[in-house]
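Let me begin by handing over the structure; questions about it come next.
Computed from a predicted structure; not experimentally measured.
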Amino acid sequence: MNKMIRFIPLVLFVALGVVLYRGLSLNPQAVPSALVNKPIPDFALTQLLKPEVTLTAADLKGDIVLLNVWGTWCVYCKYEHPYLVDIAKSDRVSLYGLNYKDVREDAKQWLKDYEDPYVFSIFDPLGKLGIELGVTAAPETFVIDAKGIVRMKHVGPIDSKVWQERFLPMIELLEKEQGVAR
């Protein structure tokens, strides 16, 4: 029995090594979301540029929607912003923003300085909708179908490679489901 006990640390070490090795092979941007294939959570928040306008989940239905979580405090948001401006110029998707844990005046100035790519931005200063969406950091982008169902979550900035490899296949699938010809 004493001989068996001596091997327990070795077995634990090997098991820990296997778990750590498996963790190194995972893509940190492929964070699973509990919301995928579920409706976007209900919310009632104001529009960033028009505080008198209250927005709800119904405002994100009817088209293929990208909901981009951003903040002026986010370094990678500045990196991806020019690419978002390009996406907004295409008519393929509707791009909405979720201004996350920010100061309204700072966010408004950001959109003046760098161009506003969004149809509108939802102002979420306390991060309540972000919590409902499972946001871990900005930028994150959700693909929402015309019925308001979250179909994909992407963690990290969007650039041309990410757009080609992750977003376009999902958008083409949604267009096919909706019978949209491209």
Is the shortest side-chain heavy-atom distance between Glu177 and Leu173 below 4.5 Å?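 Of all side-chain heavy-atom pairs linking Leu173 with Glu177, at least one is under 4.5 Å.
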Main chain of Val103, side chain of Asp106: is a donor-acceptor contact present, judged purely on distance under 3.5 Å?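 No: the side chain of Asp106 does not pair with the backbone of Val103.
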Contacts of Ala107 that satisfy side-chain contact (heavy atoms from CB on, under 4.5 Å) - sequence neighbours left out: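 Only Leu48, Trp70, Thr72, Asn99, Asp102 meet the side-chain contact (heavy atoms from CB on, under 4.5 Å) criterion with Ala107.
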Pairs satisfying disulfide (SG to SG under 2.5 Å), at least one member in residues 72-157, at least two apart: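 Qualifying pairs, neighbours excluded: Cys74-Cys77.
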Quick check on the hydrophobic clustering: are Ile144 and Ile122 connected, directly or via other members, by side-chain heavy-atom contacts under 4.5 Å?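 Linked within one cluster.
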For residues 119-148, which residue pairs pass the salt bridge (Lys or Arg N to Asp or Glu O under 4.0 Å) check, not counting sequence neighbours?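 Applying salt bridge (Lys or Arg N to Asp or Glu O under 4.0 Å) to every pair that reaches into residues 119-148, excluding sequence neighbours, yields Glu140-Lys153, Asp145-Arg151.
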Determine the minimum heavy-atom distance between Pro157 and Val162, stating which atoms define it.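 It is O-CG2, 3.9 Å.
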My understanding is that only residues two or more places apart in sequence, or in another chain, count here; which of them pass side-chain contact (heavy atoms from CB on, under 4.5 Å) with Lys161?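 Lys161 satisfies side-chain contact (heavy atoms from CB on, under 4.5 Å) with Asp159, Glu165 once adjacent residues are dropped.
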Would Leu174 end up clustered with Val119 when hydrophobic side chains under 4.5 Å apart are linked, directly or stepwise?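 No, because Leu174 and Val119 fall into different hydrophobic clusters, even though each may have its own neighbours under 4.5 Å.
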Quick one: do Ile149 and Leu66 end up in the same hydrophobic cluster if we chain Ile, Leu, Val, Met, Phe, Trp and Tyr together by side-chain heavy atoms under 4.5 Å apart?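 Different clusters.
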Quick one: are Leu35 and Pro41 in side-chain contact, heavy atoms under 4.5 Å?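 The answer is yes; the side chains approach within 4.5 Å.
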CG on Asp63 to CG on Asp91, rounded to 0.5 Å: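 It comes to 9.5 Å.
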The test is side chain to side chain contact (heavy atoms under 4.5 Å, CB included); show your working for Tyr100 and Trp73 and say whether it passes. CA-CA 9 Å; Tyr100 182 66; Trp73 46 267; 3.8 Å; yes
Does any part of the side chain of Phe43, heavy atoms only, come nearer than 4.5 Å to the side chain of Leu55, both counted from C-beta?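 Heavy-atom side-chain distance check passes, below 4.5 Å.
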Heavy-atom side-chain proximity of Leu98 to Asn68 below 4.5 angstrom: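 No, every pair of side-chain atoms sits at 4.5 Å or beyond.
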Contacts of type side-chain hydrogen bond (donor to acceptor under 3.5 Å, both in side chains), residue Asn37, not counting sequence neighbours: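 Result, side-chain hydrogen bond (donor to acceptor under 3.5 Å, both in side chains) vs Asn37: none returned.
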Mind running side chain to side chain contact (heavy atoms under 4.5 Å, CB included) on Leu111 and Glu115 for me, showing each step along the way? CA-CA 5 Å; Leu111 294 177; Glu115 193 173 347; over 6 Å; no
Who are the side-chain hydrogen bond (donor to acceptor under 3.5 Å, both in side chains) partners of Thr46, not counting sequence neighbours?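 Residues passing side-chain hydrogen bond (donor to acceptor under 3.5 Å, both in side chains) with Thr46: Arg104.
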With a 4.5 Å cut-off on side-chain heavy-atom distances among I, L, V, M, F, W and Y, is there a chain of contacts connecting Val69 to Val150?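 Yes; Val150 is reachable from Val69 via cluster members.
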Of all residues at least two apart in sequence or in a different chain, which pass the ring-ring contact (aromatic ring centres under 6.0 Å, His included) check with Phe120?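 ring-ring contact (aromatic ring centres under 6.0 Å, His included) check on Phe120 returns Tyr96.
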Looking at side-chain heavy atoms only, is the closest gap between Leu49 and Asp116 below 4.5 Å?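 Touching, per the 4.5 Å side-chain cut-off.
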Between Ile158 and Thr141, is any pair of side-chain heavy atoms under 4.5 Å apart?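 Ile158 vs Thr141: side chains touch.
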Quick one: ring-ring contact (aromatic ring centres under 6.0 Å, His included) partners of Tyr114, sequence neighbours excluded?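 With sequence neighbours excluded, Tyr114 shows a ring-ring contact (aromatic ring centres under 6.0 Å, His included) to Trp110, given in chain and number order.
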Mind checking whether Tyr79 and Tyr76 have parallel, tilted or perpendicular rings, split at 30° and 60°?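 Perpendicular, since the angle between the ring planes exceeds 60°.
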Would you list the pairs meeting salt bridge (Lys or Arg N to Asp or Glu O under 4.0 Å) in which at least one residue belongs to residues 33-51, sequence neighbours left out?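 Passing the test, one end in residues 33-51: no pairs.
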Could you tell me if the side chain of Thr56 sits less than 4.5 Å from the side chain of Leu45, heavy atoms only?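 Side-chain contact under 4.5 Å: no.
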Test: salt bridge (Lys or Arg N to Asp or Glu O under 4.0 Å). Region: residues 72-87. Which pairs qualify, not counting sequence neighbours?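 The answer is none; no pair qualifies.
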Identify the two heavy atoms, one from Ser121 and one from Tyr118, that lie closest to each other, and give their separation to 0.1 Å.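 Result for this residue pair: OG-CD1, 3.4 Å.
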Linking I/L/V/M/F/W/Y whenever their side-chain heavy atoms sit closer than 4.5 Å, directly or via other members, would Ile87 and Phe167 fall into one cluster?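 Yes: a chain of side-chain contacts under 4.5 Å links Ile87 to Phe167.
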Val65 and Val93: side chain to side chain contact (heavy atoms under 4.5 Å, CB included), yes or no, with the steps? CA-CA 6 Å; Val65 167; Val93 296; over 6 Å; no
Salt bridge (charged side-chain N to carboxylate O under 4.0 Å, His left out) against Glu105, all qualifying residues, sequence neighbours excluded: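 For Glu105, the residues satisfying salt bridge (charged side-chain N to carboxylate O under 4.0 Å, His left out) (neighbours in sequence not counted) are Lys108.
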Whether His81 side chain and Pro117 backbone form a donor-acceptor pair below 3.5 Å: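 Here the side-chain-to-backbone pair does not exist.
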Which distance, rounded to the nearest 0.5 Å, do you find between the CH2 of Trp163 and the OG of Ser90?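 It comes to 6.0 Å.
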Could you identify which residues cluster with Val75, counting Ile, Leu, Val, Met, Phe, Trp and Tyr as linked when any side-chain heavy atoms lie under 4.5 Å apart, either directly or through a chain of such contacts?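 Other cluster members: none.
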Are the side chains of Phe142 and Val36 in touch, meaning some heavy atoms are under 4.5 Å apart?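 No; the side chains remain at least 4.5 Å from each other.
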